[in-house]
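Please read the structure below before turning to the comments.
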Amino acid sequence: MKLKGRVTVITGAGSGIGRASALEFAKEGAQVVVADINEAGAAKTVRQIKTAGGEACAVKTDVADPDSVRNLVKETLNAFSRVHVLFSNAAIQINKTVEDTTVEEWNREMAVNLGGVFLCSKFFLPHLRKTGGCIINMASVNGYFVEPMCAGYCATKGAIIALTKAMAIDHGKEGIRVNCICPGYIDSGLAWSYFEAQPDPAGARQTAGKLHALWRIGRPEEVGRVAVFLASEDASFMTGSAVVVDGGFGSGLAPQG
Ligand SMILES: NC(=O)c1ccc[n+]([C@@H]2O[C@H](COP(=O)([O-])OP(=O)(O)OC[C@H]3O[C@@H](n4cnc5c(N)ncnc54)[C@H](O)[C@@H]3O)[C@@H](O)[C@H]2O)c1
């Protein structure tokens, strides 16, 4: 129970890594606000948490919309009176080159992935300051090791790493820690969409596994447990860190084959 009574907001918690993280946080005693644009997905996460004996509520949220994020803050305080942890995890991925990406797709990807981190941080910071809380942002190994056919996505993840470090500097004196996580391939929605966009989706999935030193892609809960660590007192002297959870994707020693 490393997070007993810690109120935690997780965006994009209606599926994938966000949902697995929500379950891990609840297991450690956190009260979880499941924020997602997908209402049904968010409700399912809340059901799973409650079935396991945890405490959670769902708030339909579009992280790209300032009014929707303001409402998320309001609903969080209505439900639990305070907030200790913000985990900005929601993202979309346009699997295209810059030339093929439409202006609308580009703007939406920037608004959700990077804008969402900005808006959630901006509107939750005054409340996190009161509790000495912390922020975790979801970046990716694609923030520094880029791959073909997802240029805008890579750009947002690189920017999130820089934004994390900038916020850590701005808010460290206030006792607010800000870190981000850089996963390798994880068996969840955005990796699936990337595989589907390749000419041979099954082959792409197999090849992706072999890009990691551990010769497999990761499981969502393997990222969720690192998020729990970053939110806990065990990480009390960590801020401005980009924590790599990539099964050796970035080691430079990954076997090809
Ligand atoms: N899966 C991977 O291989 C991988 C690797 C590195 C980083 N990541 C990052 O992990 C995070 C989660 O990825 P995932 O694979 O679990 O994806 P996913 O598609 O399973 O989950 C993303 C969730 O975000 C929600 N969402 C989308 N737009 C939203 C918006 N505007 N407002 C609120 N919610 C919104 C979706 O409804 C969905 O529930 C993302 O930030 C992604 O970039 C994933």
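All heavy atoms count here, side chains included; hydrogens, waters and symmetry mates do not. Order of appearance sets the numbers: ligands from 1, and atoms from 1 within every ligand.
Between the side chain of Lys157 and the main chain of Ser140, no donor-acceptor pair closer than 3.5 Å is present.
Closest heavy-atom contact between Cys154 and Glu147: SG-N, 4.0 Å. Considering every non-hydrogen atom in both Cys150 and Gln93, the closest pair reads CB-NE2, 3.8 Å. Residues Thr164 and Asn179 share a closest heavy-atom pair of CG2-C, 3.4 Å.
Looking at atom 29 (C) of ligand 1, its nearest protein heavy atom turns out to be Ile37 CG2, 3.7 Å. Of the protein's non-hydrogen atoms, the one nearest atom 33 (C) of ligand 1 is Thr61 O, 3.1 Å. In terms of protein heavy atoms, atom 32 (N) of ligand 1 is closest to Val63 N, 3.0 Å. The single protein non-hydrogen atom nearest to atom 1 (N) of ligand 1 is Ser188 OG, 3.1 Å, given as residue, atom name and distance. Atom 21 (O) of ligand 1 has as its closest protein heavy atom Ser15 OG, 3.1 Å. In this structure, the protein non-hydrogen atom closest to atom 2 (C) of ligand 1 is Ile186 N, 3.5 Å. Looking from atom 43 (O) of ligand 1 to the surrounding protein, the closest heavy atom is Tyr153 OH, 2.6 Å. Looking from atom 10 (O) of ligand 1 to the surrounding protein, the closest heavy atom is Met138 CG, 3.3 Å.
Relative to atom 27 (C) of ligand 1, the option among Gly16, Gly12, Ala91 with the closest non-hydrogen atom is Ala91. The nearest non-hydrogen atom to atom 31 (N) of ligand 1, considering only Ile92, Asn137, Asp246, Asp62, comes from Asp62. Comparing Gly184, Gly218, Ser140 by heavy-atom distance to atom 4 (C) of ligand 1, the nearest is Gly184. Looking at Asn38, Asp36, Leu119, Val117 and measuring to atom 36 (C) of ligand 1, the nearest heavy atom belongs to Asp36. Selection from Ile17, Ile217, Ile160, Asn89 by nearest heavy atom to atom 11 (C) of ligand 1 gives Asn89.
Within ligand 1, counting atoms from 1 as listed, the ones closer than 4.0 Å to a heavy atom of Ala191 are 1 (N), 2 (C), 3 (O). Near Tyr185, the atoms of ligand 1 lying under 4.0 angstrom from a non-hydrogen atom of the residue are 3 (O). Those atoms of ligand 1 with a heavy atom of Val112 less than 4.0 angstrom away are 28 (N), 31 (N). For ligand 1, the atoms lying closer than 4.0 Å to a non-hydrogen atom of Arg108 are 31 (N).
No heavy atom of Lys60 sits closer than 4.0 Å to any atom of ligand 1. Under a 4.0 angstrom heavy-atom cut-off, Ala139 registers as being in contact with ligand 1. Residue Lys157 places a heavy atom less than 4.0 Å from ligand 1. Assignment of Trp192 to the shell around ligand 1 is not supported, since no heavy atom sits closer than 4.0 Å.
Residue pairs that meet the ring pair (Phe, Tyr, Trp, His ring centres under 6.0 Å) test with at least one member in residues 138-189, sequence neighbours left out, are Tyr185-Phe195, Tyr185-His212.
Other residues, nucleotides and ligands place more than 12 heavy atoms under 6.0 Å from the CD atom of Glu174. In this structure, Leu77 places its CG atom where more than 12 heavy-atom neighbours from other residues, nucleotides or ligands lie under 6.0 Å away.
Using a 4.5 Å heavy-atom threshold, the side chains of Leu128 and Ile135 count as touching. Put simply, the side chain of Val63 reaches to within 4.5 Å of the side chain of Cys120, judged on heavy atoms.
Checked for salt-bridge contact, Glu105 and Lys96 meet the test: a charged N lies under 4.0 Å from a carboxylate O. The pair Asp36-Lys60 fails the salt-bridge criterion, with no side-chain N (NZ, NE, NH1 or NH2) lying under 4.0 Å from an Asp/Glu carboxylate O. Comment: Asp62 engages Arg108 in a salt bridge, judged by a side-chain N to carboxylate O separation of less than 4.0 angstrom.
When each of Arg219, Arg205, Arg216 is tested with Asp187 by the rule side-chain hydrogen bond (donor to acceptor under 3.5 Å, both in side chains), just one qualifies, namely Arg205.
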- request: Show your working on side chain to side chain donor-acceptor pair (under 3.5 Å) between Asn89 and Thr11 and close with a plain yes or no.
  value: CA-CA 5 Å; Asn89 162 79; Thr11 68; 5.4 Å; no
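At a heavy-atom distance under 4.0 Å, no atom of Gln93 approaches ligand 1.
Checked by distance only, ligand 1 and Gly189 come closer than 3.5 Å through their nitrogen or oxygen atoms.
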